[in-house]
Amino acid sequence: MTTSKRHADDTPNRPDDSPTRPLNFIEQIVEDDLRTGKFQGRVQTRFPPEPNGYLHIGHAKSICLNFGLAARYGGLCNLRFDDTNPCKEEMEYVESIKEDVRWLGFDWGDREFFASDYFEQLYQWAEQMILSGDAFVCDLNNEQIREYRGTLTEPGRNSPFRERSVPENLDLFRRMRAGEFPDGSRTLRAKADMAHPNLNMRDPVMYRILHAHHHRTGDTWCIYPMYDFTHGQSDSIERITHSICTLEFENHRRLYDWYLDRLGIYHPQQIEFARLNLTYTVMSKRKLLELVQEKRVSGWDDPRLPTLRGLRRRGYTPEAIRRFCDRIGVAKFHSYIDVTVLENSVREHLNATAPRVMAVLRPLRVVLTNVPQEHVEHVAAINNPEDPSAGARQVPFTRELFIERDDFREEAPKKFFRLVPGGEVRLRCAYIIRCDEVIKDESTGEVIELRCTCDRKTLGKKPVGRKVKGVIHWVAASTCRKVQVRLYDRLYTRERLDDLPPGEDANQYLNPNSLEVIDDCRIEPSAAEAQPGQRFQFERLGYFCVDSRDSQPGQPVFNRTVPLRDTWAKIDKANKSR
RNA sequence: UACCCGGUGGUGUAAUUGGCAGCACUAGGGAUUUUGGCUCCCUUAGUCCAGGUUCGAGUCCUGGCCGGGUAGCCA
């Protein structure tokens with residue numbers, strides 16, 4: 001079975017995993033629950049982003065997990081925007097998130113929800129808690145609340161307002177809603193336990209006063225519920241069975257359970273897993289935002305960023321990302337995934353699907369002295385050896401060609417089997433040529449042209465009496481097109497950016513060579529009309545994608561998604577260090 | 001220093017829940033090759049430590065070590 005077969009299925013909401021993959025710990029919990037009938041055999045998950053930033057590959061892990069679980073067990077996955085903080089959230093993010101989730105290949109049907117849709121219900125529940133004596137209006141300000149909270153090792157103290165009467169609390173809370181008080185002057189707090197070792201349980205704030213315009217509810221509200229008082233109830237309303245979140249919410253589970261129990265409503269199960277860390281990049285919204293704002297990258301869709309928009313522009317496929325997410329597993333251990341795992345995922349998919357084309361990044365002129373000036377021939381080239389249905393194309397072959405500068409060396413190092421003076425090499429899909437003469441710029445000594453002869457008996461045939469091991473790519477000088485190519489590399493030179501020595505900043509480790517723009521590349525004519533988003537393998541070089549922002553009709557700009565594995569580069573490096 | 005969570009080759013993740021520590025990636029070697037790609041084969045390398053229970057412990061118990069999280073009116 002070829003890998004291309006496994007990759008053929010691009011149906012949304014389908015996990016890309018093989019059925020034989022062992023279950024991760026969350027799948028085991030779900031299967032146990034299915035077995036015991038805990039949720040009457042239902043599986044209902046949700047992906048709950050806050051619309052305050054763009055999605056990145058770490059979110060993709062969560063998306064694949066939640067939608068994958070639903071798909072695997074015949075359940076449903078909702079898309080829910082966790083929009084309880086009007087100060088940071090915007091509609092623009094809502095749209096971009098939807099676009100990215102859809103692009104990844106998932107479908108939430110009509111189950112598109114907003115926590116803000118539940119504001120009225122949440123408010124009613126808050127009143128219910130006041131009535132049951134589980135909540136009170138507190139007049140302490142920000143700093144005072146912090147002081148009263150105690151520390152990690154010392155218990156907190158009760159707020160002086162903790163024993164207000166139910167009618168007074170109710171009155172005050174209603175007037176908070178009515179807008180009678182300024183921001184920060186009062187809060188609604190839960191009456192939990194100020195001595196609790198879990199600080200989240202020390203009379204947590206349920207509502208704060210915020211006279212802010214909300215992207216969906218406008219000015220309807222001037223009090224907004226906190227995450228803890230929103231998330232569990234939202235899960236409850238939506239009848240979520242397994243509420244999957246990242247490890248930093250582990251300490252919040254106690255509160256999550258407490259609110260649901262006090263309210264006496266349907267109780268989903270929160271399960272935490274470790275967020276994704278990738279080597280040579282950063283994943284936090286804060287760092288990502290900083291890179292964009294300080295213009296260290298061109299924007300949220302800069303192809304060097306791990307954002308879904310960046311990866312998309314870089315040429316990554318949804319399939320490759322889903323496959324990656326399936327491959328890295330799910331656990332509670334804080335781990336770092338080697339970025340090569342991601343790179344291999346695209347290589348695998350693109351190897352199976354991307355049409356091959358020849359392009360020369362750094363051209364070196366070759367003149368075939370035994371080919372007439374006006375000679376134009378078309379040689380057949382297979383579009384994708386991994387996919388016979390991709391067919392073949394005709395590539396023009398003429399007297400003057402360009403080859404890659406790297407494919408010629410005046411002095412051949414050990415194991416170099418490309419072109420050398422007096423040596424032979426195969427032109428991919430065409431003839432074997434021999435280098436007879438090296439023309440140099442007299443002043444600089446730079447090699448500017450090679451005079452070669454073409455063995456016309458070697459088209460589709462092995463040469464007689466000798467072995468020619470090297471194969472190089474080329475384009476015909478007269479018919480090729482000049483294009484811009486951008487070579488992207490990892491954003492940072494340091495593997496892990498979250499364990500910097502004190503005083504150091506991640507910016508010190510920004511890779512100065514993360515982007516190399518080459519304007520003088522040549523590509524065979526068949527790719528000149530490529531459309532934005534189209535992906536190719538440039539033979540022997542790597543996978544490239546037509547940039548969707550800077551390409552013009554008939555003038556594509558190519559972004560390198562990832563280079564091909566390069567065994568020669570390793571040998572060459574070893575040679576040099578010897 | 002309180003509470004919570006975690007620790008299996010270099011990286012990540014399994015082990016039928018107490019029964020031969022497996023898989024993927026990486027690295028190294030080889031085969032094949034009109035892409036130094038792909039594919040195929042081989043090799044190196046691991047249960048944090050110390051006790052205990054047991055015929056048998058990665059798994060259970062006790063103690064320790066190490067790492068992470070938590071003191072927003074952020075999520």
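Within every chain, numbering begins at 1; the chains are lettered A, B, ... in the order of the sequence lines, protein sequences first and strands thereafter.
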Examine A:Arg80 relative to A:Phe113 and say whether NZ or CZ is less than 6.0 Å from the centre of the six-membered ring and inside a 45° cone about the ring axis.
no
Using whole Å, report how far CZ of A:Phe544 lies from P of B:rG37.
16 Å
Reading 5' to 3' and counting Watson-Crick or G-U wobble pairs with both distances under 3.5 Å, write the dot-bracket notation for RNA chain B, | for bases paired outside the strand.
.((((((..((((.....[..)))).(((((.......)))))....(((((..]....))))))))))).....
Side-chain N or O of A:Thr458 closer than 4.0 Å to phosphate OP1/OP2 of B:rU34:
no
I'd like to know if the side chain of A:Asp203 and the backbone of A:Arg189 have a donor-acceptor N/O pair within less than 3.5 Å.
no
What about A:Arg327: does its side chain form a donor-acceptor pair under 3.5 Å with the base of B:rU13?
no
Using the side-chain heavy atoms of A:Thr153, tell me which of these nucleotides is nearest: B:rG12, B:rA2, B:rU35.
B:rA2
As a test of reading the structure: which of B:rU8, B:rA14, B:rU35 is closest to the side chain of A:Phe333, going by heavy atoms?
B:rU8
In whole angstroms, the gap separating P of B:rG12 from NZ of A:Lys61 amounts to 11 Å
Glycosidic class, syn or anti, of B:rG51 using a 90° window around 0:
anti
Check whether any side-chain nitrogen or oxygen of A:Lys570 sits under 4.0 Å from OP1 or OP2 of B:rA27, and answer yes or no.
yes
Which part of the nucleic acid, if any, lies within reach of A:Tyr224 when heavy atoms closer than 4.0 Å are counted: base, sugar-phosphate only, or nothing?
nothing
Strictly under 4.0 angstrom, non-hydrogen atoms only: write out the protein contact profile of nucleotides 69-75 of chain B, one letter per nucleotide from the 5' end, B, S or -.
BBBSBBB
Quick check on B:rC4: is either OP1 or OP2 less than 4.0 Å from any side-chain nitrogen or oxygen of A:Arg254?
no
If we take the C1' atom in both B:rC23 and B:rA45, what is their distance in whole Å?
15 Å
Distance under 6.0 Å and angle within 45° of ring axis: A:Arg157 vs A:Tyr148:
yes
Sorted by number, the residues of residues 460-474 of chain A with heavy-atom contact under 4.0 Å to RNA chain B:
A:Gly460, A:Lys461, A:Lys462, A:Val471
How are the rings of A:Phe397 and A:Tyr431 set to each other: parallel, tilted or perpendicular (split at 30° and 60°)?
tilted
Is A:Asp499 salt-bridged to A:Arg494, going by a charged N under 4.0 Å from an acidic O?
yes
Looking at A:Ala320, is its backbone amide N or carbonyl O close enough to the side chain of A:Thr317 to form a donor-acceptor pair, meaning the two atoms are under 3.5 Å apart?
yes
Between A:Asp183 (side chain) and A:His211 (backbone), is there a donor-acceptor pair under 3.5 Å?
yes
Is the side chain of A:Asp83 donor-acceptor paired with the backbone N or O of A:Pro51 at a distance under 3.5 Å, no angle test?
no
Side chain proximity check, A:Thr187 to A:Tyr207, heavy atoms < 4.5 angstrom:
no
Any carboxylate oxygen within less than 4.0 angstrom of a Lys/Arg side-chain nitrogen, looking at A:Glu248 and A:Arg275?
yes
Hey, does the side chain of A:Gln270 come within less than 4.0 Å of B:rC5's phosphate (OP1/OP2), counting only N and O?
no
Give a yes or no on whether a salt bridge exists between A:Glu404 and A:Arg418, defined as a side-chain N under 4.0 angstrom from a carboxylate O.
no
